[in-house]
Amino acid sequence: MNIQEQFIKDLASKGNRNDGRKEKDYREIIIEKDVIPKAEGSARVKFGDSEVIVGVKMGVGAPFGDKPDSGVMMIGAELSPIASPDFETGPPREDSIELARVVDRGIRESKMIDLEKLCIEKGEKVWMVFIDIQIINHDGNLIDVAALAAVTALHNSKMPTYEKDVVNYEKKTKKLPVRFKPITITVAKISGKFFVDTTLEEENAMDSRVSVAIKDDGNICAVQKGGDSLTESEIHQIFDLASEKAKELRKLIN
Amino acid sequence: MNIQEQFIKDLASKGNRNDGRKEKDYREIIIEKDVIPKAEGSARVKFGDSEVIVGVKMGVGAPFGDKPDSGVMMIGAELSPIASPDFETGPPREDSIELARVVDRGIRESKMIDLEKLCIEKGEKVWMVFIDIQIINHDGNLIDVAALAAVTALHNSKMPTYEKDVVNYEKKTKKLPVRFKPITITVAKISGKFFVDTTLEEENAMDSRVSVAIKDDGNICAVQKGGDSLTESEIHQIFDLASEKAKELRKLIN
Amino acid sequence: MNIQEQFIKDLASKGNRNDGRKEKDYREIIIEKDVIPKAEGSARVKFGDSEVIVGVKMGVGAPFGDKPDSGVMMIGAELSPIASPDFETGPPREDSIELARVVDRGIRESKMIDLEKLCIEKGEKVWMVFIDIQIINHDGNLIDVAALAAVTALHNSKMPTYEKDVVNYEKKTKKLPVRFKPITITVAKISGKFFVDTTLEEENAMDSRVSVAIKDDGNICAVQKGGDSLTESEIHQIFDLASEKAKELRKLIN
Amino acid sequence: MVKREDGRKPDEMRPIEIKAGVIKNADGSAMVKFGKTIAIAAVYGPRAMHPRRMQEPDRTVLRCRYSMVPFSTTDRCRPGPSRRSTEISKVTREALEPALFLDEIPKTVIDVFIDVIAADAGTRTTGINAASVALADAGIPMRDLVASVAAGKIGKEVMVDLAGKEEEETSCDVPIAYMPRSKQVTLLQMDGDIPVKDFNDVLKMATKSCEQIYKKQKEALGERWIK
Amino acid sequence: MVKREDGRKPDEMRPIEIKAGVIKNADGSAMVKFGKTIAIAAVYGPRAMHPRRMQEPDRTVLRCRYSMVPFSTTDRCRPGPSRRSTEISKVTREALEPALFLDEIPKTVIDVFIDVIAADAGTRTTGINAASVALADAGIPMRDLVASVAAGKIGKEVMVDLAGKEEEETSCDVPIAYMPRSKQVTLLQMDGDIPVKDFNDVLKMATKSCEQIYKKQKEALGERWIK
Amino acid sequence: MVKREDGRKPDEMRPIEIKAGVIKNADGSAMVKFGKTIAIAAVYGPRAMHPRRMQEPDRTVLRCRYSMVPFSTTDRCRPGPSRRSTEISKVTREALEPALFLDEIPKTVIDVFIDVIAADAGTRTTGINAASVALADAGIPMRDLVASVAAGKIGKEVMVDLAGKEEEETSCDVPIAYMPRSKQVTLLQMDGDIPVKDFNDVLKMATKSCEQIYKKQKEALGERWIK
């Protein structure tokens, strides 16, 4: 273990952090909407120096065989090499795949998008919703930043029209049918204490983390643990903290 | 050359083997059928410590342009990394491609599957038969083990039904239309002598090998040489030995 | 810089070349047509030791959405490992992609192929024209050699017939509808002087190069700079030289 | 108490079969069946890590590769890694790591390969059970065995080891892995829609079931040594 | 003088916005907007080159990777390199190299990553403008900044910085990159159909516009240092 | 004696053309035509093997890559390796290895690249003929040249060097490679359905034809040296 990790751990054991925050403090959160002209919806979200842009694109395609009257939602994430000195070009890595899949589950399981309303012709044609997560700068807590950006972008997406077998992207009249605002909160355990909104430095020193997606009604709709093991009682503590913070963050989406 | 190879070669020059077998002896052969619940047919075959599972899956697809009224058969082989310390993940390697293609030729050229009976709608829809070979443990003679497993699995495959453009995998009434039992026998040349059912150690010491697929009527339907060169007279000896052993192995299939 | 490069540069500064040619001299050019039996058109072109074979194949496919009544043209280039000791197998490299795209632009922008005549059924079926560039030996100036081979092959291509949803490659009655003879001339700058038809040795010593595709009417239809920077006045000199040489090379195509 | 599709009680797992030492070439191996789901795991190592740039100077690296064979599912699945299998490989590695002493032999690697040869729900948990036994079978020093199972809730009933159509009916699917001796949860995932307080019941039933699996894992290792 | 689609004069570029230092983790970075086209560039290096076989014994290697993000275009574009992006990465590298002193630190690499996050014509030139500012922001010694823009000709009028439907109407599209101090052209490409003499006018307007871009690049770097 | 589609006698091969030294950059090369089938082979090496982990400490490694160019066939074939080409590359390597002394220069590699530029049956055998001449042209020490051809049986007649529709009509297709001096078979494959005793006749005709090819190979090498 290097000196920096040890320093973070020592601070954490007393509930302190090297940037002066307390356990439950977030960094400054900045949310910008409609930042990408040609996307159906988009948002740029920053938590301190962590920055993510999410763009929503729509198209028309075939539904899945087992859901002939449902639109299709797909989420991808690219940890662009611009975001971090360690990233390299190549196929999406484990971490970006996990990030996309955790954000996907939070949105999918909460039934945020009303996919039934995206059916054009049963069994033949439905709207496809592509949600692409682009990491611009990586300074920790990427799952929460990406999830917040995705939910914000979806809430501000406008649907193109479909006329005579052609998608008209110039004419956007209706909003994308969305409901709910699932919020994903990742809680990290460092030296036996629990922290939200960890920086990259903190993540290098952390023992484990649990990401929890929480619906407007307080129900949880997705969970993903990473890192080392946890006791049941620790899991409960994490859920309580996540539930508390989700309420705060939900207010930021409009 | 290492000591172990030299030892195998010295034994071989007298027609002996390090596990006590004679040139024409097989290891213990174990054949289990219907080992995979969701496959249309399956078989697990062991020759000593070499173990292969073959699963047959069926689906509906388009026929090839030059055979509009014929079903389609495809064989794949994966030398899973579980099977051998040397295997690595990645695209299928030369050896597994050769294995799949040799097993494919033995089955295809013998016309074992009555592909004409697998046409659903001429030029539009036919049954696809996917035969996947999974190597579980590699201790030599994989081509023969895989070929025997594939032929056994096909002989025990049941066809799903096709109703209203949907494959019903729950309702399997008819058997897959198969005839013949092509048997593939690989004969290895070590120190000028010929051996069947070589172990991995023997294969590391062998000079060359010829795999011969033999039909029920004694005709040969596929041949593949590997390794070093052979004389015409050696090729004849190999064919004779393979023909003799094929008769024995064919009795094991039911 | 190695001795050989320095030698080429020293010669170049006086307008000389190590094979005795002057700045504007081409190596011996050899053009052979119809060298590939099963291609719709083909040409083998040599400039000295640089050798390229281009084959034209046709098929029937769907048009692009934005051009429903237009045939489709695709150009690929493979720097086969047979052509040069440095080439390795693998995905097409930067240089071969650039080569294919520069040749593509010269042909596409000149509107050499009358793509409107390649429509079979609007929005549904059009002829696809595949132009494959195979580098046989690499001794410099590959873009020009490939472009000349591609234009020659297209000028000598015969169309298969399309009857009852099947392409008949045996019956070729009409010529591929082509017009114009765009010529690509690459001019290299070495030690401040301009040279055409550089060898591989010269290319290792050159500062920069500009490839210019020139139509029959003298208009330019594609430009691609490579290597180091140039002044505007140098660009004009290059265009003048390219225009002059294009007239000469155009006479070689029939 | 409601009856389940296949007649099981809510807290009853499917018939379980565990066998250690099933692959001769491997340093350790195991086959685990949960009903119609079958996973085989093989362990190779610790051995020198290649390529060298992936070596860790002070510890052993654990690599996991979870894979479903083409004939394991009703609709044939294509061979090769998918986004799903990449994620499961990652969480499987994290489920096993807490049980191992990885700082013993620097610059080495332990490879864990899991092939799901038959799939009927619970493939990742079955794979973890197999991998855990395979690691022990390889003689790799372990703090504890890792047992794994999923639980959920259908209607008002918490149920363990969902199978068949239960996967579609459950309001949540919670796969966990658990080290019974230290009572540590090493895998925790969840899909669905459930109040926090119900989650606790689901988690409780899953950990309780892991204790039963744990016993069967130890029995299988015992049989292996007796042989 | 004709009016253009968006009311610009023929020699008028779209509104330009340049900001240096937008990515904290990078050694240098910049965001450049030309109307609705937005590119972000990040520079990492000089740093040791891996894999080692790609090292040059006597110089720094410049690597460029141009990429369009999936949501940048009207029709979503697939992530990953294409033939088009591979070619643009190459000409971008050649557009930047003349501005750098690459023989200073052997066996090292400078990586330039360009992400086009919104595309409305001129993505490669916007990317080069961003990369040039990012290199300066990284403190890498440069002979000059590289400015870049495309020009064309619609009807009889030469026009700079084509946007929207102008790209379809122009008889030629000539993207260039230019070092104003030494008056050197470092990128030169062209698609279309145009007499040689007209090409000269197009080139002239493009280089003149580059001089204006150059000023804005220097301003952006100035603002960065003041902060 | 029956007449064949193209008027040949059963034991008559198509017109054969062999030319050595066709690729200037290669250490050795050859072009071989059998009727309308054309293959070009180039040899590079022996040279140092990269990557190093593929080096053999006590011998030269022979690598072969067989490839069909896109325009060689009636239906354009996609560039890049296929399962078929991977298998043919392997058997081609095994067909050539017995002719070489590979234990002379450790840690090196000889690369043999074969491009089939026109295909009308017999592409693998034509490729082996070209590769064998190319290896000799490269001055690589050889025990013998390797000659290669396929034979089959149509109706009751054994026939050599099948072409055009004969490939569909034959009851078996037996490509072989042969070293005439030592009478060793180095390639042996077969597809079809044929009694063992007939196989012997097919093999016999193929080896006899290889002796004729062998003469033409030597002539081509002779012409090369005279030039």
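The chains referred to below are lettered A, B, ... by the order of the sequence lines, with proteins before strands, and numbering in each begins at 1. Side chains included, hydrogens not; waters and symmetry mates left out as well; all remaining heavy atoms used.
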Assess the side chains of D:Q189 and D:E87: does a donor N or O sit below 3.5 Å from an acceptor N or O? yes
Does any backbone or side-chain atom of D:A134 lie under 4.5 Å from a heavy atom of chain B? Answer side chain, backbone, both or neither. neither
Contacting region of D:I23 [heavy-atom separation from chain B under 4.5 Å]: both
So, D:Y66 versus D:R93: side-chain donor-acceptor pair below 3.5 Å or not? no
Heavy-atom proximity to chain B below 4.5 Å, by part of D:D120: both
Pairing donors with acceptors under 3.5 angstrom, does anything connect the side chains of B:K46 and B:N137? no
Among the listed options B:E51, B:Q134, B:M58, the residue most often paired with chain D at heavy-atom distances under 4.5 Å: B:Q134
Side chains of B:S211 and B:T186, donor plus acceptor under 3.5 Å: yes
Going by atom types alone, do B:S80 and D:D115 pair a side-chain donor with an acceptor below 3.5 Å? yes
Less than 4.5 Å to any heavy atom of chain B: does that hold for the side chain of D:T74, its backbone, both, or neither? both
Under 4.5 Å to a heavy atom of chain B? For D:V43 that would be neither
Heavy-atom distances under 4.5 Å only: say whether D:S72 touches chain B with side chain, backbone, both or neither. backbone
Residue among D:S67, D:A41, D:P70 with most heavy-atom pairs under 4.5 Å to chain B: D:P70
Does NZ or CZ of B:K57 come closer than 6.0 Å to the centre of the six-membered ring of B:Y169, within 45° of the ring's axis? yes
Check each atom of B:V167 against the heavy atoms of chain D and say whether the ones under 4.5 Å are side chain, backbone, both or neither. neither
Partner of B:E40 by side-chain hydrogen bond (donor to acceptor under 3.5 Å, both in side chains), out of B:K158, B:K172, B:K175: B:K172
